[in-house]
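Input: a single structure, listed below in structure tokens.
None of the values given here were measured: they were computed from a predicted structure. All residue numbers in this chain count up from 1 along the given sequence. All ligand and atom numbering here is 1-based and tracks the order in the structure.
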Amino acid sequence: MTTYTIALLEGDGIGPEVSAASVQVLRALKGRFDLTFDIRKTPAGDRCRAERGEALPDSSVSAIKDSDACLKAPVGDTAADVIVRLRQLLNLYANIRPSRALQHVPSLKPGIDFVIVRENTECLYKGMEFEFEGGVIALRTITRSASTRIAEYAFQLAEQRLKTREVLAVHKSNVLRKSDGLFAECCREVSAKHPGIAFSEMLVDSAAMNLIRIPERFDVIVTTNMYGDILSDEAAQTVGGLGLAPSANIGETFAIFEPVHGAAPDIAGRGLANPVAIILTTCMMLEWLSKTRDDRNCAEAAEAVRTAVNGVLESGIKTVDLGGNASTAEVGDAVAKRVSR
Ligand code: ATP
């Protein structure tokens, strides 16, 4: 029996509801896969700030560092103090956001299967905003090293994918000539080292349009931090919405897994949130554990969870965002039951 320690950030808003579903699913794996998870609830976010005066205490950072992986539900107003800080602190430079059509959920077009590889440590998210009389200046950082590193990640990912093996760099270098110019240049340099992978470029406004017009044509999209943040919400909508969209923050030796969606205060505490996004996020965590720990069991467990999710959606147990009437807990229960069968 292998045990993995998971630091769980329950988050705010719908965070505690959806993370409970993931915990249930992880526990259900025990019976079938000889896998157990030592799930350690780790305080962070708005509630933590209200109770302890800080959104991300040092003790929580230590608990995260001591775990095998971190599963994070969304936090509310303190997102910048929690996840943006953790990404920089732990150097989780690659934010991976896949959009793949699910069998039993209507999508914008057939055959959608692409992934956004978002640079995760710089751009406008360094938090460098300065007030001056009459306005504010926000500094945007783009470095050669971070751009090259994320481009390399995207090309390596494209090598492993079964689709068209194509990387598209998204930027706005016609206007942001120096910063996005450097990002584009780094992507071109990396593309030259991967002759087997097709490479093209697209301006971010055009990408926003084409994600709706021809989403089935995309394969791997590499982009800077803020464009990736915005485009990935749009991308989620092409395959059924934020309630289904998983993501991973990956570094050299550690990773944090979180759904794309936020704390959604408009639906919090009512059992309306779709837990599938965080359950599919949990699959990404299992796949990462499988790869980094060379543990086939985790890959098989991830596959079993994906199959269970498809089965549950096929059976019509869906939350309101997908046109169903099941609650968050009912969907979580149904997936966990199928996993343990
Ligand atoms: P953030 O900037 O923190 O990512 P956001 O502004 O993108 O947050 P969300 O909190 O993600 O906003 O919510 C956007 C909309 O999507 C809301 O109307 C919310 O109800 C809906 N939504 C988000 N997550 C889910 C979910 N898991 N299930 C159902 N609806 C959701």
Side-chain angles (χ1 to χ4, degrees), residues 9-25 44-49 55-56 71-87 92 95-99 102 104-108 116 118 120 123-125 127 208 211 223 225-249 256-284 309 312-313 317-335:
L9 276 57
E10 289 183 295
D12 304 304
I14 60 172
E17 297 164 69
V18 294
S19 56
S22 265
V23 169
Q24 219 180 334
V25 169
D46 297 1
R47 199 157 34 109
C48 180
R49 186 176 60 181
L56 186 65
L71 181 63
K72 179 196 155 289
V75 301
D77 293 339
T78 51
D81 307 305
V82 179
I83 190 59
V84 177
R85 203 177 137 219
L86 281 169
R87 286 169 182 158
L92 306 177
N95 193 328
I96 309 304
R97 299 188 154 191
S99 289
L102 292 171
H104 308 287
V105 177
S107 60
L108 203 56
I116 294 180
R118 162 187 171 193
N120 218 15
C123 187
L124 273 169
Y125 288 18
L211 274 178
T223 190
N225 204 342
M226 186 179 238
Y227 303 148
D229 189 5
I230 296 168
L231 291 179
S232 53
D233 270 33
E234 185 190 4
Q237 201 56 44
T238 67
V239 289
L242 282 174
L244 302 171
S247 86
N249 302 277
I256 296 181
F257 299 83
E258 57 174 349
V260 170
H261 64 73
D266 54 331
I267 56 167
R270 294 156 61 196
L272 294 174
N274 190 343
V276 169
I278 199 166
I279 293 172
L280 294 177
T281 297
T282 308
C283 291
M284 290 182 82
V309 167
V312 167
L313 294 173
I317 302 175
K318 296 177 182 178
T319 41
V320 179
D321 55 313
L322 298 180
N325 56 13
S327 68
T328 311
E330 282 165 347
V331 174
D333 273 353
V335 175

**Report entry** Closest non-hydrogen atom pair, Asp12 against Asp46
**Finding:** OD2-N, 2.8 Å
Query - Ser22 and Thr282: side chain donor to acceptor below 3.5 Å - result: yes
Requested in this report: Number the atoms of ligand 1 from 1 as they appear, then name those within less than 4.0 Å of a heavy atom of Leu242, with their elements.
Outcome: 11 (O), 14 (C), 16 (O)
Query raised in the report: Does atom 17 (C) of ligand 1 have any protein heavy atom closer than 4.0 Å?
Result: yes
Query - Non-hydrogen protein atom less than 4.0 angstrom from atom 5 (P) of ligand 1 - result: no
Query raised in the report: Can you list the ligand 1 atoms lying under 4.0 Å from a non-hydrogen atom of Asp233?
Result: 7 (O)
Query raised in the report: Is there side-chain contact between Ile14 and His261, with heavy atoms separated by less than 4.5 Å?
Result: yes
Requested in this report: Between Pro275 and ligand 1, find which residue part has any heavy-atom pair under 4.0 Å and reply side chain, backbone, both or neither.
Outcome: neither
Report task. Give the single entry among Ala264, Ala277, Ala245 that approaches atom 13 (O) of ligand 1 most closely by any heavy atom. Result -> Ala264
Query - Nearest neighbour in protein (non-hydrogen) for atom 23 (C) of ligand 1 - result: His261 CB, 3.7 Å
Requested in this report: Report the distance from atom CG of Leu86 to atom CD1 of Ile256, rounding to the nearest 0.5 Å.
Outcome: 4.5 Å
Query raised in the report: So, does Ala273 sit close enough to ligand 1 that a heavy atom of it is under 4.0 Å from the ligand?
Result: yes
Query - Separation between CG of Leu313 and CG of Leu102, rounded to the nearest 0.5 Å - result: 6.5 Å
Query raised in the report: What is the distance from atom CZ of Arg97 to atom CG of Asp229, rounded to the nearest 0.5 Å?
Result: 5.5 Å
Query - Residue selection (non-hydrogen contact nearest atom 31 (C) of ligand 1) among Ile267, Val276, Asn274, Thr319 - result: Ile267
Query raised in the report: Considering residues, nucleotides and ligands other than Asn325, do more than 12 of their heavy atoms fall under 6.0 Å from its CG?
Result: no
Query raised in the report: Short list, please: which atoms of ligand 1 are under 4.0 Å from a heavy atom of Gly243?
Result: 26 (C), 27 (N), 28 (N)
Report task. For ligand 1, note which part of Ile14 has a heavy atom under 4.0 Å away: side chain, backbone, both or neither. Result -> side chain
Report task. Walk me through it: do Asp81 and Leu56 pass the test side-chain contact (heavy atoms from CB on, under 4.5 Å)? Result -> CA-CA 7 Å; Asp81 307 305; Leu56 186 65; 5.7 Å; no
Query raised in the report: When you measure from atom 1 (P) of ligand 1 to every protein heavy atom, which one gives the shortest distance, and what is it?
Result: Gly262 CA, 3.8 Å
